[in-house]
Amino acid sequence: MELRVEQGNIAESDVDLIVINLFAGVTAPGGATGAIDRALNGAISRLIAQGDFSGEAETTALLYARANGGAAGDGEADSGGLRAPRVLIVGLGSSEGFGLGQIRRTAAVAAQAAAKLKGVKSMATIVHGAGIAGHDADAAAQEVALGTVLASYRAKRYGRKEDDSGLTSCSVVEYSAAKLEDVARGVTRGEAIGRAVCSARDLVNEPANLLTPVEMAARARAMASDVGLECTVLDEAAMEEEGMGILLAVSQGSVNPAQFVILEHAPAGSSEAPLIFVGKGITFDTGGISLKRTGGMWAMKDDMGGAAAVIGAMEAIGRLGVPRRVIGIAPCVENMPDGEAFRPGDIVTGMTGKTAEIISTDAEGRLILADALAYAARFDPDAVVDLATLTGAIGTALGIHIRAGLFSNDSALEENLMAAADHSGDLLWPFPMDAEYEKPIKSDMAEVKNSAGRSGVSSSAKFIEHFTEGYPWAHLDIANMVLADSRINAETPKGATGYGVRLLVELAERYAAAS
Ligand code: BES
Ligand code: MN
Ligand code: ZN
């Protein structure tokens, strides 16, 4: 779908559908909605007066006008000056505290409703929230574009007809010429971020037989050349040379070789201390010799959701030219059981020389992160954030698709992340990192062991912390966020959610603004 920005009166838009809005409780609509109401000879006011539409959040009403100014017949609203045959009114809910998230949701609800109308190929929308709600035009336009792109996502189908909506264009219409530049800037940003979220969704939805570590690296490389990032991929021999014995142990049982992807965004050759994102990229997690049970195992194709978020975020950061050096690292590995697989009880040595005792080969995410985080230290980073589908227990703690878990040993980074999460809508919740959580992962045989049984999520983070020397670090456990059993809301479909992309882009922008 193509997004455009146009200046003018939306009543004159020559499209299949016009989208306007209404706050809850408003009986005499103003602004663009008022203008359309007059053009429709009061049809919107009558709709409200009849009690059929109240402006409640995420509700819609569809009105049909006679196109091209003809006289109204039975059951039709007088079209007045409208050129479009349809008008969709979306409820905004209460005007009190109406925020950016509601703007995004409103745009998503509209795009979803438009997609269901088979006759609609083109739509035009006003910038929700930029009127009486008083949001900056660029921030509001960003959310409108983002919500539209997120709601228009269609997962790829194999050997099946795509249930394509047919919607091919969306014009964002701004009346005020003075605001047009701001709206255009916002739309560009929202579109870039939205498309990057969709890229991450595509990666997570892809089955593991097609998306091997080698294929992931190939896609990261293609994206990098597309948006102008530097991309380096280490193969297993190179990883061996780096001493990544902990990561390579996980890969031992797979015929698909591991790949270590490094993406760098260095605006104007900047060599400042980078912000680094590290994403767990297990392309499939069978559990290895500590084999998982059959039920639901297919979902372990999502175990590269952290890497997908990092690759998606780097796409947006590159495309938008965020003025900050950012590096994305994605260790991509398949966790399989075979005659060469690593075993429970094995002792492995990583890049830092630290030894780990394997208790469960199913606690593999923290193992590949160990060497990826050790590798990150060479860049002398300002901060490192890892994202990983690390534990099933995070869903028990926080529920599904509400907030991911945040673990950090640096309060400034933690605060930045919480603020970026609230602003982006990719929400987080902080967990403790007391030294006591270290006890359950003490090993008799090695310096640390990779599983503590049922000791809670913080001990998993404590294992990872062992490999994060020399920089502020935060770990995000996103296992409860990346794959949805059913549609979550208008902007988040069933299947891959793309969680984390928006959060990381927002964090990078905050670091850029502060430096
Ligand atoms: N990839 C899984 C975690 C997971 C579970 C992701 C459910 C998405 C949905 C991870 O590698 C894993 O197996 N974790 C174990 C850790 C345990 C062995 C300490 C778990 O959560 O059971
Ligand atoms: Mn596992
Ligand atoms: Zn896993």
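Scope of the values below: all heavy atoms of this structure, side chains included, with no hydrogens, waters or symmetry mates. Remember, predicted model here, so these are calculated numbers, not experimental data. Positions are given from 1, in the same order as the sequence printed here. One-based numbering, in listed order, for ligands and for the atoms of each.
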Short N-O contact, Asp362 and Lys292, less than 4.0 angstrom: yes

Atom name, Asp303 (N, O or S, nearest to the Zn ion (ligand 3)): OD2

Any protein N or O within less than 3.5 Å of an N or O in ligand 1? List each pair with its distance, or say none.
unit_1: ligand 1; atom_1: 1 (N); unit_2: Lys280; atom_2: NZ; d: 3.4
unit_1: ligand 1; atom_1: 1 (N); unit_2: Asp285; atom_2: OD2; d: 3.2
unit_1: ligand 1; atom_1: 1 (N); unit_2: Asp303; atom_2: OD1; d: 2.8
unit_1: ligand 1; atom_1: 1 (N); unit_2: Asp303; atom_2: OD2; d: 3.0
unit_1: ligand 1; atom_1: 1 (N); unit_2: Thr389; atom_2: O; d: 3.4
unit_1: ligand 1; atom_1: 11 (O); unit_2: Lys280; atom_2: NZ; d: 3.2
unit_1: ligand 1; atom_1: 11 (O); unit_2: Asp285; atom_2: OD2; d: 2.9
unit_1: ligand 1; atom_1: 11 (O); unit_2: Asp362; atom_2: O; d: 3.1
unit_1: ligand 1; atom_1: 11 (O); unit_2: Glu364; atom_2: OE1; d: 2.9
unit_1: ligand 1; atom_1: 11 (O); unit_2: Glu364; atom_2: OE2; d: 2.9
unit_1: ligand 1; atom_1: 13 (O); unit_2: Lys292; atom_2: NZ; d: 2.8
unit_1: ligand 1; atom_1: 13 (O); unit_2: Asp362; atom_2: O; d: 2.9
unit_1: ligand 1; atom_1: 13 (O); unit_2: Asp362; atom_2: OD1; d: 2.8
unit_1: ligand 1; atom_1: 13 (O); unit_2: Asp362; atom_2: OD2; d: 3.2
unit_1: ligand 1; atom_1: 14 (N); unit_2: Leu390; atom_2: O; d: 3.2
unit_1: ligand 1; atom_1: 21 (O); unit_2: Gly392; atom_2: N; d: 2.8

Within 6.0 angstrom of Asp434 CG, more than 12 heavy atoms from elsewhere: yes

CZ/Arg378: more than 12 non-hydrogen atoms of other groups inside 6.0 Å: yes

Glu272, CD atom: more than 12 neighbouring heavy atoms under 6.0 Å: yes

Closest Asp285 atom to the Mn ion (ligand 2) [N, O or S only]: OD2

The Mn ion (ligand 2) to Glu364: nearest N/O/S atom name: OE1

N, O or S atom of Asp303 closer to the Mn ion (ligand 2) than 2.8 Å: no

Ion pair Lys280/Asp386, N-O distance below 4.0 Å: no

Residue Glu364, metal the Zn ion (ligand 3), N/O/S under 2.8 Å: yes

Atom name of the N, O or S atom in Asp285 that lies nearest to the Zn ion (ligand 3): OD2

N/O donor-acceptor pair under 3.5 Å between Ser458 side chain and Pro432 backbone: yes

Mutual orientation of the aromatic rings belonging to Phe260 and Tyr375 [parallel < 30°, tilted 30-60°, perpendicular > 60°]: perpendicular

Under 2.8 Å: N/O/S of Lys280 next to the Zn ion (ligand 3): yes

Glu191, Arg104, His135, Arg189 screened by side-chain hydrogen bond (donor to acceptor under 3.5 Å, both in side chains) with Gln142, the one that passes: Arg189

With Asn409, the side-chain hydrogen bond (donor to acceptor under 3.5 Å, both in side chains) member among His475, Glu414, Lys462, Glu465: Glu465

